[in-house]
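Scroll down for the structure; my scribbles are underneath it.
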Amino acid sequence: MQEFEPKIVAFVCNWCTYAGADLTGTSRIKYSANVKIIRFPCTGRIDFMILMKAFENGADGIIVSGCHPNDCHYSTGNFHARRRWIVFRNLLNFTGIDTERIQFSWVSAAEGFKWADVVNNTVKKIKEIGPYENYNKIAVSTLFNEEGATNE
Amino acid sequence: MSRIGVFVCHCGENISATVNCEKVAKITGELKGVEFATDYKYMCSDPGQTLLKEAIKEHKLDGVVVAACSPRMHEPTFRKACAEAGLNPFLCEMSNIREHCSWVHPKDDLTTEKAQDLVRVMVEKVKKNKALNSIKVPVTKTALVVGGGIAGIQAALDIANCGHKVIMVERQPSIGGHMSQLSETFPTLDCSQCILTPRMVEVAQHPNITLHTYSEVESVDGFIGNFKVKIRKKSKSLDEHLCTGCGLCTTKCPQKKIPNEFERGLGFRPAIYVPFPQAVPNKPVIDREHCTYYIKGKCKVCEIVCPTKAIRFDQEDEVIDVAVGAIVMATGFDVLKTDYFPEYGYGKYADVIDGLAFERLASASGPTQGEIRRPSDGQIPKKIVFVACAGSRDPAKGIEYCSKICCMYTAKHAMLYKHKVHDGIPYVFYMDIRAGGKNYEEFVRRTIVEDETQYIRGRVSTIYEKNGKLIVKGADTLMGGIPIEIEADMVVLATFFAEAHPKLKPVETNTAGIFLAGACQAPKDIPESVAAASGAAVKVAALFSNDELTRDPLVAVVNRSAPPVYSQCVGCFLCQSVCPYQAIEREEIKNRNGEVIKTLARVNEGLCQGCGTCVALCRTKAIDIHGYSNQQVYTEIMALLND
């Protein structure tokens with residue numbers, strides 16, 4: 001059987017983690033190709049519906065990463081992201097999505113090695129957890145099951 | 001229907017070594033809406049850009065995706081090329097298939113597939129891009145220079161001589177910085193004061209320079225061209241307008257035994273003092289920590305003797321707000337604290353001193369009037385050991401890099417010592433001699449040959465006191481590592497300096513409009529600090545040569561629609577409470593009778609920096625951000641996950 005290759009989306013800020021990932025490249029540090037980056041101006045921009053959208057479209061895991069606390073280019077964006085994440089985590093639990101599928105982290109523009117570690121560790125973890133299929137199950141059951149309610 | 005052009009760059013072999021660029025171009029060329037797709041060896045080169053421009057014209061492209069390096073590198077290049085071909089620059093996007101793909105993955109199908117995914121994401125995104133126009137913001141043509149050492153002085157004078165206003169902030173009571181403490185400077189042995197003090201006076205008298213000494217920057221807000229700075233002017237307990245600088249108060253002050261910071265603790269000063277005779281401004285300040293009046297509540301001798309009644313015991317700190325367009329950081333350095341060198345007895349033995357203290361001993365205006373006398377008993381040391389690289393190039397101390405100037409100033413110290421103590425023997429322990437400047441090597445040679453300084457290549461392991469002598473233990477690595485023991489009268493450590501990292505939060509140093517000069521950036525000698533300062537000054541002058549700056553229009557915008565809806569915005573103003581730039585304004589919508597029917601949020605484009613925190617927060621999705629709009633982001637996610 002072919003090994004499970006998870007699809008992981010990374011939502012990163014332009015100023016720290018995107019630049020950090022650039023440094024990973026410049027330093028030629030190898031990491032897993034499963035993770036693909038979508039650039040944001042700031043982690044503060046990342047509305048958590050964006051994460052739900054990614055799960056809806058078949059992401060197995062998500063990385064959210066920005067500047068370290070106190071180092072935000074816009075001074076406070078990452079604090080808003082962090083607060084929002086604390087609230088959102090409960091919502092994720094409620095919806096039945098394993099919070100382990102989301103890796104929240106700080107990677108600065110100088111931490112090329114850390115970015116590679118974050119990616120590799122997340123890929124390893126998601127491979128252990130397995131593919132995420134629940135969203136599609138929910139969608140199918142609510143649409144086609146007349147009795148509705150249970151989505152086991 | 002879109003007409004997108006895709007340009008896949010090989011970057012020589014940087015991309016094509018692991019990514020099949022032809023295949024990426026071919027596959028993405030089949031995507032819906034892609035009119036033209038090609039690959040080329042160097043897209044950023046002149047022929048590459050020409051290829052891009054011609055394709056835009058020939059195929060009437062309305063969107064461009066360049067798959068190459070990081071957009072942080074070449075996005076401006078390709079956007080400019082698009083603009084030259086008549087395409088709005090904000091209809092150009094880059095896929096990062098080098099830093100985020102070819103350089104970090106091995107050569108296999110997965111890597112090429114990832115590159116295709118990344119290009120597809122941008123193709124879908126660019127379909128949702130809007131043509132945007134740059135925002136123009138005015139420039140405040142005043143510069144702030146933080147730090148009044150030689151670097152700050154040079155930068156301030158250069159900017160002021162270009163005809164711009166300069167505000168200089170210095171923490172100490174006088175400008176001059178560390179250079180004013182030096183005795184003579186290498187490699188010419190010029191008197192440091194002689195070349196520095198005229199420049200200090202020039203700063204004070206320059207019509208374009210406002211000087212704030214004994215002051216510190218409290219906070220910086222804003223952005224390039226438009227910074228708002230709070231400066232705390234610490235109370236000098238003195239009315240500077242009345243004070244004539246006669247100095248009577250400093251001679252009458254009963255507190256006379258306060259260690260003098262300027263003399264590195266080798267001399268004393270009163271509680272009301274001028275740091276050194278050539279200080280600019282040459283007016284005293286009261287050190288409230290040591291002043292008898294502030295400690296015990298009585299004394300006021302200075303107030304009694306002052307002929308102009310300039311003393312103000314009740315004066316308070318003053319915080320002033322200034323608006324500047326650019327900031328030059330020239331905060332300099334400090335020498336490492338004594339606790340870094342327990343093995344050398346630095347801080348424990350009075351005769352183990354640092355290089356800056358030796359400068360004061362050698363200085364004609366210093367505590368010994370230029371005679372080399374050891375601090376403990378005032379004897380002239382006959383054997384003196386200089387330890388170079390004390391703290392630098394030492395991973396065990398956490399400082400791996402070279403402090404660069406110590407080789408030269410140690411050679412200078414040995415030379416100055418020999419010139420003053422003819423029968424003395426100077427020893428220098430060194431790791432390598434790094435004398436890479438004009439006339440530097442010759443200078444070190446002179447120290448060794450003409451002034452008979454004993455250079456020993458090796459590190460000092462320990463220094464301890466025995467019978468009034470300092471026993472310096474080390475090894476001579478050029479003699480096969482044989483142990484060496486020297487009974488010295490005095491030891492000078494060429495201590496590493498810790499650069500004073502600017503604390504400028506929330507604005508970081510990589511922020512546009514903030515420049516660095518001098519040793520706050522890296523170890524630098526005087527010529528290098530001056531050169532860096534002039535470089536920073538030119539950058540500031542270039543910035544000030546424009547009346548307006550253009551900024552990327554990637555800012556937030558509140559949607560508007562026709563009456564009676566006007567906007568999805570319900571006026572909750574959550575966005576206003578999270579905006580770090582106070583860019584959200586209240587806009588009142590009135591009916592034809594002038595009655596307010598709705599209050600909406602509005603974005604001030606000049607203030608908005610485009611972080612997008614408001615967008616993520618908006619509960620009605622009424623606010624969006626150009627370049628990272630909800631539509632664009634959702635499109636990207638869908639394109640990435642559905643191939």
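Atoms considered below: every heavy atom in the structure, side chains included; atoms not considered: hydrogens, waters and symmetry mates.
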Measure distances from [X] to the heavy atoms of chain B and classify the residue's part below 4.5 Å as side chain, backbone, both or neither.
{"X": "A/I50", "value": "both"}
{"X": "A/A19", "value": "both"}
{"X": "A/R84", "value": "side chain"}

Look at A/D60 together with A/K7 and state whether they make a salt bridge at an N to O cut-off of under 4.0 Å.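 So A/D60 does not pair with A/K7 through a salt bridge.
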
Using a strict cut-off of less than 4.0 Å between a Lys/Arg side-chain nitrogen and an Asp/Glu carboxylate oxygen, indicate whether B/E93 and B/R79 qualify as a salt bridge.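 Salt bridge flag = yes for B/R79 with B/E93.
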
Who in residues 24-35 of chain A is close to chain B, using a strict under-4.5 Å heavy-atom cut-off?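 Near chain B, by residue number: A/T24, A/G25, A/T26, A/R28, A/I29, A/K30, A/Y31, A/S32, A/A33, A/V35.
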
Under 4.5 Å, heavy atom to heavy atom: which of residues 108-125 of chain A reach chain B? Give them by number, or say none.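 When heavy atoms of chain B are the reference, residues 108-125 of chain A contributes no residue within the under-4.5 Å range.
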
Which bit of B/I625 comes within less than 4.5 Å of chain A, counting heavy atoms only: side chain, backbone, both or neither?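 Side chain of B/I625 only, per the 4.5 Å heavy-atom cut-off to chain A.
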
Given that the side chain runs from C-beta out, which part of B/N14 has a heavy atom under 4.5 Å from chain A: side chain, backbone, both or neither?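 Only the side chain of B/N14 comes within 4.5 Å of chain A.
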
Residues two or more places apart in sequence or in another chain: which of them pass ring-ring contact (aromatic ring centres under 6.0 Å, His included) with A/F11?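 Residues passing ring-ring contact (aromatic ring centres under 6.0 Å, His included) with A/F11: A/F40.
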
With side chain to side chain contact (heavy atoms under 4.5 Å, CB included) as the criterion, how do B/R619 and B/L574 come out once you've worked through the C-alpha distance, each side chain's angles and the decisive distance to 0.1 Å? CA-CA 9 Å; B/R619 52 180 77 171; B/L574 259 181; 3.3 Å; yes

Closest-packed option against chain A by number of heavy-atom pairs under 4.5 Å, given [options]:
{"options": "B/V578, B/N642, B/L554", "value": "B/V578"}
{"options": "B/E99, B/H105, B/E113", "value": "B/H105"}
{"options": "B/G627, B/P71, B/S102", "value": "B/P71"}
{"options": "B/L118, B/L110, B/N96, B/V121", "value": "B/N96"}
{"options": "B/P580, B/C101, B/A556", "value": "B/P580"}

Distance to the ring centre below 6.0 angstrom and angle to the axis at most 45 degrees; does that hold for B/K128 and B/Y634?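 Here B/K128 fails the 6.0 Å and 45° test against B/Y634.
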
Just checking B/K621: does its NZ atom have more than 12 heavy atoms from other residues, nucleotides or ligands closer to it than 6.0 angstrom?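 More than 12 within 6.0 Å, yes.
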
State whether the number of non-hydrogen atoms from other residues, nucleotides or ligands found under 6.0 Å of A/E128 atom CD is greater than 12.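 Check passes, neighbour count above 12.
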
Side-chain H-bond candidate by donor/acceptor type, B/T550 with B/S134, under 3.5 Å: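 The criterion, which ignores hydrogens and geometry beyond distance, is not satisfied for B/S134 and B/T550.
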
B/Q632-B/S629 side chain donor-acceptor pair, cut-off 3.5 Å: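 Yes, B/S629 and B/Q632 have a side-chain donor paired with an acceptor closer than 3.5 Å.
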
Quick one: sort the A/W85 and A/F88 rings into parallel, tilted or perpendicular, breaks at 30° and 60°.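 Tilted, since the angle between the ring planes falls between 30° and 60°.
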
Quick one, A/R101 and A/Y132 - any side-chain contact, counting heavy atoms below 4.5 Å?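 Heavy-atom side-chain distance check passes, below 4.5 Å.
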
Non-hydrogen side-chain atoms of B/N630 and B/V633 separated by less than 4.5 Å: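 Sidechains of B/V633 and B/N630: no contact.
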
Let's go through B/T111 and B/D108 carefully: what are the C-alpha distance in whole Å and the side-chain angles of both, what is the deciding distance for side chain to side chain donor-acceptor pair (under 3.5 Å) to 0.1 Å, and is it a yes or a no? CA-CA 6 Å; B/T111 307; B/D108 63 18; 3.0 Å; yes

Which side-chain N or O atoms in residues 605-618 of chain B pair as donor and acceptor under 3.5 Å with protein atoms at least two apart or in another chain?
| unit_1 | atom_1 | unit_2 | atom_2 | d |
| --- | --- | --- | --- | --- |
| B/Q609 | NE2 | B/L607 | O | 3.4 |

Which one wins on heavy-atom pair count under 4.5 Å against chain B: A/D22, A/L23, A/T76?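 Winner by heavy-atom pair count: A/D22.
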
